[in-house]
Amino acid sequence: MTEEVKKIKIIFVCFANVCRSTMAEFVFKNIVRRQGLEDKFDISSAGVFDESVGMQIHEGTKEVLDTYGIPYENREARKLTKAEYDSADMIVCMDRKNVEAVMEIGGEDPSGKIHTLLSFAGEEGDVPDPWYTHDFDETYDKIIEGCRALMESAKTLANA
């Protein structure tokens, strides 16, 4: 009889779940896959905005992922739920406003599961929102930096 290993559940969060959080989800999945750790993680993304539910991944996000050869699936945006918050090990937000919105959904975060992506890279800043900046490359640069640093932290959890 094999023992089932609990996966580390990470949810990437941005405002609408069409640009940044989806990009981070697929970038991180690619990093995990390349390190052969798929069996250790449950990775997804969500937004905090009701009006975006059902929207497709932004074309700019798809273009950047295609440019770097990062696989992704087409899917619809969704909003983070309280149940997902409760079951997650880490909620990784793209900016501080997302942190505030997640706290409204999940509570005051007594277990410390809410983080900003760039905090893993030792930065206090936010991942710029390409919905407004139209600069998906800049967003990708920040996301890859944050995801690489997150992987270093997450590996210690995965090996615990």
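Below, all heavy atoms of this structure are taken into account, side chains as well, without hydrogens, waters or symmetry copies.
- Within the 4.5 Å cutoff, side-chain heavy atoms of Arg20 are placed close to those of Asp129.
- A salt bridge is defined here as a Lys NZ or Arg NE, NH1 or NH2 lying under 4.0 Å from an Asp or Glu carboxylate O, and Lys97 with Glu100 fails to meet this definition.
- Side-chain atoms of Met90 and Leu150, non-hydrogen and from C-beta on, do get closer than 4.5 Å to each other.
- Looking at Arg75 and Thr22, their side chains come closer than 4.5 Å, going by heavy atoms from C-beta outward.
- A salt bridge links Glu25 to Lys29: at least one charged side-chain nitrogen sits closer than 4.0 Å to a carboxylate oxygen.
- For Tyr72 and Asp66, the side-chain atoms include at least one donor-acceptor pair closer than 3.5 Å.
- In terms of heavy-atom proximity, Ala16 sits nearest to Ser52 at O-OG, 2.8 Å.
- If you take SG on Cys147 and CZ on Phe120, they are separated by 10.0 Å, rounding to the nearest 0.5 Å.
- Residues Ile114 and Ile10 are members of separate hydrophobic clusters, defined by side-chain heavy-atom contacts under 4.5 angstrom among Ile, Leu, Val, Met, Phe, Trp and Tyr.
- Taking every heavy atom of both residues into account, Glu76 and Gly54 meet most closely at CG-O, 3.5 Å.
- The line from CD of Glu73 to CD1 of Ile57 is 8.0 Å long, rounded to the nearest 0.5 Å.
- Counting heavy atoms from C-beta outward, Cys93 and Val102 have side chains that approach closer than 4.5 Å.
- Among residues at least two apart or in separate chains, ring-ring contact (aromatic ring centres under 6.0 Å, His included) pairs with a member in residues 127-156 are His58-Trp131, His58-Phe136, Tyr68-Tyr140.
- Looking at Lys7 and Lys40, their side chains never come closer than 4.5 Å, going by heavy atoms from C-beta outward.
- From Ile70, atom CD1 reaches atom OG1 of Thr61 across 11.0 Å, with rounding to the nearest 0.5 Å.
- Heavy-atom neighbours of Arg33 CZ from other residues, nucleotides or ligands within 6.0 Å: above the threshold of 12.
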Start with the C-alpha distance between Val64 and Asp137, add both sets of side-chain angles, then the distance that settles side chain to side chain contact (heavy atoms under 4.5 Å, CB included), and finish with yes or no. CA-CA 7 Å; Val64 166; Asp137 293 318; 3.9 Å; yes
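- Annotation: the span from Phe12 atom CZ to Asn98 atom CG amounts to 13.0 Å, rounded to 0.5 Å.
- When all heavy atoms of Met94 and Ser21 are compared, the pair lying nearest together is CG-N, 4.2 Å.
- No side-chain heavy atom of Asn17 sits less than 4.5 Å from a side-chain heavy atom of Val53.
- Met151 and Ile11 are members of different hydrophobic clusters when ILVMFWY side chains are connected at heavy-atom separations under 4.5 Å.
- Listed here is the closest heavy atom pair of Met23 and Ile143: SD-CD1, 3.7 Å.
- By the 4.0 Å N-to-carboxylate-O rule, Asp86 lies close enough to Lys82 to be salt-bridged with it.
- Test Cys14, Pro130, Cys19 against Thr139 for side chain to side chain contact (heavy atoms under 4.5 Å, CB included) and you get one pass: Pro130.
- Looking at heavy atoms from C-beta onward, Val27 lies in side-chain contact with Leu65 at the 4.5 angstrom threshold.
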Let's go through Lys113 and Tyr85 carefully: what are the C-alpha distance in whole Å and the side-chain angles of both, what is the deciding distance for side chain to side chain contact (heavy atoms under 4.5 Å, CB included) to 0.1 Å, and is it a yes or a no? CA-CA 9 Å; Lys113 64 174 72 178; Tyr85 170 87; 3.8 Å; yes
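- Residues Gly112 and His115 come closest through the heavy atom pair O-NE2, 3.3 Å.
- With rounding to the nearest 0.5 Å, the separation of CZ in Phe28 from CD1 in Ile43 is 5.5 Å.
- Separating the CD1 atom in Ile91 from the OG atom in Ser45 is a distance of 11.5 Å, to the nearest 0.5 Å.
- In terms of heavy atoms, Val18 sits closest to Met55 at CG1-CB, 3.7 Å.
- Residues Ile144 and Leu37 share a single hydrophobic cluster, defined by chaining ILVMFWY side chains whose heavy atoms lie under 4.5 Å apart.
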